[in-house]
Each structure stands twice: as structure tokens, then as C-alpha cells.
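Step one of this worksheet: look at the structure below.
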Amino acid sequence: MATEHAASHTRLPRHDAPDDLLPQYGCGPIKFDGGSNALFERHLLFDNVLAPSEIGNRERYEAIARSVRDILSQRWQQTEETYNRENPKRIYYLSMEFLIGRSLRNNVLNLGLDPLARRFFNETQLDELAILAEEPDAGLGNGGLGRLAACFLDSMATMQLPAMGYGLRYEYGIFKQTIVDGWQREQPDNWLRRPDPWEVARPHLAVAVELGCSFEVRGGNLKAIVGVPSTLLGIPYDRPVVGYGGKTINTLRLWASATPDSFDFQEFSAGEFVGALAERLAADTVTRVLYPDDSTSMGQGLRFVQEYFLVASSLADLVRRFRANNSDWNDLPDKVAIQLNDTHPSLAVAELMRILLDKGNLAWEESWEITRRTLAYTNHTLLPEALEKWPLRWFELLLPRHLEIILEIDRRLREELLARWPDDNDRAERASIVERGGARLVRMAHLAIAGSHSVNGVAEIHSRLLRDVTVRDLAELYPDRFNNKTNGVTPRRWLLLSNPDLAGCINEAIGDRWVTDMERLETLRPLAEDGGFVSSVRQAKRAAKLRFADWLKSQAGISVDPDTIFDSQVKRIHEYKRQLLNGLRIVALYRRLRENPHLDIEPRTFFFAGKAAPAYHVAKVIIKFLNNLGDTINGDPATRDRLRLVFLPDYCVSVAERLIPASDVSNQISTAGYEASGTSNMKFMMNGALTIGTRDGATIEMAAAAGEENFFLFGLTAEQVATSRGWYSPWWHYENEPETRAVLDLIMSGHFCRHEPMIGETLRNILLAGGDPYMHLADLASYMEADMRLQSLYSEPDAWTRRAILNIAGSGKFSSDRTIAEYASDIWNLEPCLVR
Ligand code: 26W
């Protein structure tokens, strides 16, 4: 049974002591005991060839990271060797995004080298925090989808699964955000400016990617040169993925694009040497930058090329590996599972078909069977504007053979639909891959569903809506393909590493087996009644708040009071996530205090953080409004001791690692039915924050696991949202709810944006004139009511901490180890492969 299998996966051997581990890495001659930090000294001296006086923290960081890589490299190589020898089935996780963050502390922790690192910093008296801060936060992703991919890699390595991640080596990750005068500004994130000590370039494993046209770059856009086929080179850069305990070290392989050296100078540029070299720009451009769009498919040509480049490079690589160990193409589904992280890599359907048909010389039916049994697709969003559709014309230009294959898949799918529902042409039209009428478009989600044996959503409610609403026709045709895999997060990074105080206090109470078996946190439940444990959890929260406050002061010069409630909402800025609703709540509290200065409310600090897509104007106005709101309430003598609002710029993995452990309250307030799962909600929960939120995404399952009485749920359900759509009017709430009206009037009076009438105008448009599509006003009153319950609980510290403990105890299900165990047993049919 699936769940039994899952349990056996997640119960892992105890974490070995570091001294037992070191010999496994073949570090024999290198002495790690006090004083002889031989590796470090060597790297410091030789890697950069600098005089000691010229060595700074960046060089120290590099030397430490290189030393850690030395320690893990032999085990890393043994892992690959074991896989080659044992030839197990492998899982390949294809994703356009891996939001990995910093690696040094994580790798040290997972290798069990923590005591060694402590000793090292003690002896050398180096500034540990300053050195760790030298590592760039690898931002090769936008948000939830990219961070999920990184958590999954951690779990797969920890569970000793033969897995590999495939992605792109963007030279520029997600932009750096600064706030200037309240507005978001974007700065390029040149994270590879300095050499990255973790990556290993493997130019000898380069693959060729053939395209049906050539390119030139004009004004930042890629322009196709029709009819002149071209070749790109994919150069792999490998990064180690260290499993907890250091037994398995898997690989994240990122592709960089380049031009082949055989590049034809004559033909291309008629002997023009400099001009021909300039042409290379086009090829180098392909992996230059991550598209910063979360939830809108912008339809950019370069993005399309990136997607194909990822797919073609990765499939060429894994097929080569498969062919080296196996002779029969029919064994592919028994040796290879490919998981598509959203539709972004769904060209894999056509690419694998092409390989089997044209290189394997297999027949259509056989190829199709192998393709479907190998591929599986995960959907991460239901927003219609985020569902990718590419112009058929682009396939004609770039991928003519793939287009032939897609048209044949489409023809057969339509035939199947009409055979099943004769005369239902509307349904065939809705469910087909090629959308007709006007410029023809290829619906990538339909291609992925047709070409996969498994289609999953990322939380129960999301999987149900996907099946029953978004792609209902295809779900009725292929009911057995559809399933759910509720997301999870890695407890190594998100609890053990980022919250040492709480982790220590849990260890003391129940031991440390929870680190690889999170369901054990359940045994904390009875301790919610234990006075000693309650007070130690409260102290841990306070320590995390103090640590965060110190960091914020030193980084940004902002002072916050750890004796206030830390109330956070951190995620991409998007209308459906309703940061504006949070803003309305804060305005309401502010008004109440101004009306009644003696009002007994708990002092609170509200934290916001998140980036807006650069072209998403409304999201940028929301950021501006929140900053203005902060300026007003933080400066108003009537409120400033009791309400404070801080917008933290440049939200990234490292900021999350600091803020989440310090938070008392987690806001998860999307319009019900819109947030596929959410994953920060889980991180807050396992760090002992209480959730105020709507019944959406995985929050529903979290409340069920902790007990709904330990959650502050409010607002319309997804069903109520859907059924009231037709007649909902924000004006009703404006006219009938005095507080709602007062809040909006205050905003529109320009109180928070004195010389910027445009802000109030835009908000009025979103919330009233434009019909409030995300139904902020429908949920404001019940949000305020839930907030009152929350405040009154906070005034009883023991009762609050008891609920926090019950939340931590219920958070075990939301470990990505559980999620991966389900993927492994239900979708991949994959077993661990122990490295000898
Ligand atoms: C093509 C443009 C584009 C880029 C990214 C469209 C859509 C996306 C992603 C699907 C957006 C995303 O990150 N979705 C989030 O995925 C998380 C992991 O499953 C979920 O927890 C979030 O609810 C979902 O919004």
C-alpha cells in the first residue's frame, strides 16, 4: 500500500556522528583535528594567489566552500559510480527553476560537519556570519515552484533515491529588489560574477541542440532568421546535492548555452570575423536570464527557446546514460522516470517521441507507449493567464519535426475524444492540443496530460479543482492518470538549520529522529500540557525573534521590538494572494486606535516581503501602498508604539530563513480556490507560528492535521467564491459594513498617499470600480473577526504557546520526505539505491 511504502521511505537510519563519516569521504591523510585546517589553508593560499593582506571574507568563503567540496567529492563520485554499476531506475526532475539559496551551511549540516565547523570558527576567530554572507543567494527561481524543486532534491538525496535535477544555469537569477520612495526597483542579480565553488563544469559532456532556424539579437529580443538551421551547445555544470547524513550525494545538472566551435564563419558572415563572433551572442543569450514572471505566461520567444534547450539537453543526456547501460528501448520506462515541473518542460513529450521514432526507429504506437510510461506531469497553478500556450508558428520556425509529431498526437487525441463522445465537437475542441480559431496555439498543459501516465496537483483542493474544472474533459477521458501529491518542505533547511533554538528544544524533548522522520513530531502533542516544555518553546521563539531583530538592525538599520507580535506575509506580490487585504486589516486596526487611543490591543509588527513581476503594474502599486501605509502608521504618534509595518526588501531564501523562525503569525489569505498549495504556510507552521488564513491550498490540510481549533480560519470557501462570482458586488460591503466603508474612505482620502492620488485611484479601481475580482471586501469582516480571536489568545502566553506546540506536532505531514515518498511509490515506482 502506498502509505506503508511511504512510511518505510521516511524512516531513515540515524544520523551518524561526523567522525564516523569522514573516512567514507576518503579524507584519510587530511587531518581535521584542531589546528590543522589543512584544506582551508591550502585553498586560501593557492586558489587566488593573493598576499595574506589582500585576503578578505570572500576569499575565506571560497576557501571554506572548496574545502567542503573536497570532502564531499569522493562520495559524490561514488554515488554516480554506484548508480552506473547497479543500473537502478532513476528519476529525473526537469524544472526551469531551482531556488536553492545558499549552500555552505546546508552542505556542512547535511554532511554532519557541524561540530567541525564550530571548532574551526572558534579556533580561527573568523567572523562566521560575515563569511557566510559572502555566498550569493542562488535565486534561480521565482517563488514556490522553484523552491519546491530545491526541497525535493534535498529529500530525494536524503532518502537515498537515484535522482538527478535538470535545469538551466542562468547567469542572472531573479532580480534584486530595492525600494526607492516606496516603489520597487529591479537590479540585475549577477550571481556568477565571482567563481562559484560548488559548480563543476563538464565541457566533455556537452550536447548539441539542433534548431530549425538561426537567431540574432536585436534590441534585447531574439529574432529568428528563417530557414537557416542552427546548433546550440549545452554545457553541463554540476552541483552536489548532499543528502542528510552524507550517504548519498546526487547531482543537480544545470545547462549553459554556447555556440559550437565548428560555428560556420564563412557561411554566416561572409568572412567577416568580428561580425561572426558577434553572432555568438545569440547563442550565449539563451541562458542569460531567468524570466521574472510568476503566474503569467508572457509568450516571449526567448523563453520558448529556453524551454526547448532545457528539454533537448536533458533528454540527450539521460538517453545517452540509458543507452550506455541498456540495449532495449522498451526498458526505458523501467529505468527512467521523468517528472515535468509544470508545463515549462512539456516539450519533452514531443522530444522523446522524436528520439524514439527517428533515432530508435520504433513505430508510433510503441514510441507513444514508452513516452507515456516514462513521463509524469505536475500542475502548479490554475490561473488561466499562467497556462502556457505557444504559437504554432514558432514550432514551424524552430521545431518543424516536433510540430509534425504534435499534430499527429493532436489528431489521435481528437479521434479518441470523438470515439468516446461521438458528435461532441465542442468537447473535442476544448480538450484538443492545438487551439484553432485565429492564430493557432499549442496548449502545453494538454500536451503534457496526453503524453504522461500521471497528472498531479499539489494539494487536495487544487488536484480536485484541476480535475473537476480546469481540465475536466481530459480528466474524464483519462480518469486514472489524475492524482494528488500535497507539497512539503525540507525540515533540514526550514527547521534544523534555520531555527536552532526550536530544533534544540525539540531534540531535548523527543530526540532528533524527527529530522528524517517528521511524523515523530506527533509525540510532542502531549507535551503541550507540560509547563516546562511550554516555557522552553516560548523561550526558543523569543531567541529567534531577538536574533532576527539584531540582524535587521545590522543589515537595514531598522529597529523592531521583539515584545510585539511578529505578524508576517511573505510571498510573491499578486492580487490573488491579497496582500491588499492584509493592508485593509492594518488600516482598520489603525483607525480603531486613532478613534480610541485607550483601546486594549496587543502591540504588533507587521512584516511584508515579496517581489512583483516587473511588468505587473498593479502589484507594484500594492508594494507602494504598503510602504506608504508603513510610513504613515510608523510615524503617527497615536499609533507608533503599538503598530508598526516593515516592508523587507529583496525577499529571498536567506531572508525567509531568518524571518520565518521569528514569526508568531502567518498570513495565508489568498482568495479560496486560487493558491494551488502554498509552501511558506508549512514552514511557518513547523516553526511554531499560528496561521490566520483562508480555506485554500494546503492550508486546509494543515488545519486538519493540527486541529481546526488551533487555526484562525476565515472567509469564503472556494465553492462560495465560485457560486457568488455572478452576483458579487464589492459595493454591497462598502455600503453595509461601516468599518469597510471607513477603511476605504480613509485610503481614498489620500491619508496614506498625500501627494500621490494615483495610488488611491488604482486601489479604488481594484476594490470597487473594477468589481473586486479577488473578493477582498467579501472577506474583510471575517478577517477582522479572526484577528480579534488571535489577539485575545496572544494575551494568554501559555495558551498561545500550547497552540503553537500543537501546530508543530501536526506539521509532520508537510515534510517533503513524505511528498517524495508518495511520488516514488505512486508515480515513479522507484526504490532507494544505497551507495556503497
Ligand atoms: C510561464 C510563467 C509562469 C511561471 C511560473 C507560470 C506559472 C509559474 C508557477 C506555476 C507559479 C508557481 O510558483 N506556483 C506555485 O507553486 C507552488 C509549488 O507547488 C505552490 O505551492 C503555489 O501555491 C503555486 O502558486
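Note that ligands are numbered from 1 as they come in the structure, with each ligand's atoms numbered from 1 the same way.
At least one heavy atom of Asp342 sits less than 4.0 Å from an atom of ligand 1. Every heavy atom of Gly697 sits 4.0 Å or more from the atoms of ligand 1. Distances from ligand 1 to the non-hydrogen atoms of Arg303 include at least one value under 4.0 Å. Heavy-atom distances between His344 and ligand 1 reach below 4.0 Å in at least one pair.
Under a 4.0 Å criterion applied to the non-hydrogen atoms of Gly678, ligand 1 contributes the atoms 20 (C), 21 (O), 22 (C), 23 (O). Counting the atoms of ligand 1 from 1 in the order shown, those under 4.0 Å from a heavy atom of Thr381 are 10 (C). Each of the atoms 22 (C), 23 (O), 24 (C), 25 (O) of ligand 1 lies under 4.0 Å from some heavy atom of Glu675. Applying the 4.0 Å criterion to heavy atoms of Ala676 picks out, from ligand 1, the atoms 23 (O). Interface atoms of ligand 1 facing Tyr576, defined by a heavy-atom separation under 4.0 Å, are 25 (O). Each of the atoms 1 (C) of ligand 1 lies under 4.0 Å from some heavy atom of Glu388.
At a heavy-atom cutoff of 4.0 Å, ligand 1 is contacted by no atom of Asn142, backbone or side chain. Counting heavy atoms under 4.0 Å from ligand 1, residue Asp293 touches it through the backbone alone. In Tyr674, neither the side chain nor the backbone holds a heavy atom less than 4.0 Å from any atom of ligand 1.
Open room surrounds CZ on Arg185; 12 or fewer heavy atoms of other groups in view lie less than 6.0 Å from it. Counting heavy atoms of neighbouring residues, nucleotides and ligands inside a 6.0 Å radius, atom CZ of Arg472 does not exceed 12 of them.
Taking the six-membered ring where the residue is Trp, Phe608 and Phe647 present parallel rings, their angle staying beneath 30° rather than reaching 60°.
Close N/O approach between Leu145 and ligand 1 is found [any backbone or side-chain N/O within under 3.5 Å]. Geometrically, ligand 1 and Asn487 share a nitrogen or oxygen pair separated by less than 3.5 Å.
At a threshold of 4.5 Å between non-hydrogen side-chain atoms, the residues Ser816 and Met156 do not count as touching.
For residues 651-696, the set of pairs meeting the ring-ring contact (aromatic ring centres under 6.0 Å, His included) definition, not counting sequence neighbours, comprises Tyr674-Tyr774.
Residues passing the ring pair (Phe, Tyr, Trp, His ring centres under 6.0 Å) test with Phe152, sequence neighbours excluded: Tyr93, Tyr823.
Each of Ile573, Asn142, Ile174 was scored for a side chain to side chain contact (heavy atoms under 4.5 Å, CB included) with Lys611, with one residue passing: Ile174. Between His446 and the choices Ile409, Leu387, Asp410, Val471, the side chain to side chain contact (heavy atoms under 4.5 Å, CB included) rule is met once, by Val471.
Of all heavy-atom pairs between Gly457 and Asn484, the closest is O-ND2, 3.6 Å.
Between the side chains of Asn110 and Asp154, at least one donor N or O lies within less than 3.5 Å of an accepting N or O.
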